[in-house]
Amino acid sequence: ELPPSSEDPPEEYPTGWVHLSSGKVRELYQPAPGSSWDGQDVVLMVASDRISAYDHVLSTPIPDKGIILTQLSLWWFDQLEAAGISHHVVSVDVPEEVAGRAMICRRLEMVEAECIARGYLTGSGLAEYRQTGAVTGLQLPEGLRDGSALDEPIFTPSSKAAQGDHDENISFETLTETVGVDLAMRLREATLRIYSLAESTCRAAGVILADTKLEFGFDAAGTLTVADEVLTPDSSRFWPAESWEPGAAQPSFDKQFVRDWLTSSESGWDRSSGQEPPALPEKIVSATRARYLEAYERLTGTELVF
Ligand SMILES: N#Cc1c(N)ncnc1-c1cnn(CCN2CCOCC2)c1
């Protein structure tokens, strides 16, 4: 049975909550009338076990992915809080049916921009660099390759595309035109500060944090607040430091088994066909689940107990 597509609201709502919006692999809910949170300025963010690859949400879920990535995000929110950075999480006392894979968050006035920090060059940043020698208007040295480390991390914002479209990299100047100079500067400072804190933590765990995407919003008091999920394999590129070798696509910590199988002859899938990818074999599902668990344990230094 296929999981709910990210376009359709889920059939089952967590008790006491009604559907607000859906992303590729997560849903957002608001308090149901008469529920214990009714009248509070909060949302419930729920992570599914869905996994996306090559711009497709795959038909095969990864068991416990939602729990593992939610617990990793919560761990990072604690690290940010210890560093004095305001975030949106208010409670993990969530409905039983989404236990461990949901968080109750302050409802924010979201900033309509994706805030990306890059310490390494790959993905859309590499593609732009190969065309122009720059990324979102930031000139980079010549001779950089896929996976090259940048002299210093850069802030490369993107517009928030509609569901299913690609986010578009925008220059800092364009960002200032949409959110104003002051807020653009505050977003850049906060994004680079969070990246720097997280990159140091990752490096100590033998993991390269190549880049990460953050979202921000304003709470009722007007405080700029970190939203969404933070520093998970869905919002960031994590590479095992021991296998880092610029000049080719680096193995993704979490999705490499999926990507390699989907592009292997065994899957019978042609990525350029526009067809939906086939179901994943059990061996790929269990290896990917193990990678998510390994990422959690390497980064937090603790084992996840289910
Ligand atoms: N986080 C947050 C948040 C908040 N704290 N308050 C109000 N709105 C949002 C919000 C609304 N959309 N998005 C984009 C990402 N969503 C993630 C979950 O799945 C759906 C897409 C975030």
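Both counts, for ligands and for their atoms, begin at 1 and track the order of listing. We're numbering straight along the sequence, starting at 1.
- A side-chain N or O of Thr300 and one of Thr302 form a donor-acceptor pair less than 3.5 Å apart.
- Close approach of ligand 1 to Ser21 (heavy-atom distance below 4.0 Å) involves ligand atoms 20 (C).
- Side-chain contact check for Asp146 and Thr122: at least one donor-acceptor pair (N or O, by modelled atom type) lies under 3.5 Å.
- The protein heavy-atom contact nearest to atom 20 (C) of ligand 1 is Gly23 N, 3.4 Å.
- The closest heavy-atom contact to atom 7 (C) of ligand 1, among the options Leu44, Val46, Thr225, Leu108, comes from Leu108.
- Taking the six-membered ring for Trp and the full ring otherwise, the centers of Trp75 and Tyr296 sit at least 6.0 Å from each other.
- Scanning the protein heavy atoms around atom 8 (N) of ligand 1, the nearest turns out to be Met110 CG, 3.6 Å.
- From the protein, the heavy atom lying nearest to atom 17 (C) of ligand 1 is Asp228 OD1, 3.3 Å.
- Within ligand 1, counting atoms from 1 as listed, the ones closer than 4.0 Å to a heavy atom of Arg106 are 4 (C), 5 (N), 6 (N).
- Ranking protein heavy atoms by distance to atom 14 (C) of ligand 1, first place goes to Glu215 OE1, 3.5 Å.
- With respect to atom 10 (C) of ligand 1, the closest heavy atom belonging to the protein is Leu28 CD2, 3.4 Å.
- A perpendicular orientation is assigned to the rings of Trp269 and His56, their planes being inclined by more than 60° (bins at 30° and 60°).
- More than 12 heavy atoms of other residues, nucleotides or ligands shown are found within 6.0 angstrom of CD on Glu97.
- Looking only at heavy atoms of the protein, atom 19 (O) of ligand 1 is closest to Arg26 O, 3.4 Å.
- Using modelled atom types, no side-chain atom of Ser73 and backbone atom of Leu69 make a donor-acceptor pair closer than 3.5 Å.
- A cation-pi arrangement is present between Arg291 and Phe253 under the rule of less than 6.0 angstrom and at most 45 degrees off the ring axis.
- With ligand atoms numbered from 1 in the order given, ligand 1 contributes 20 (C) to contacts under 4.0 Å with heavy atoms of Ser22.
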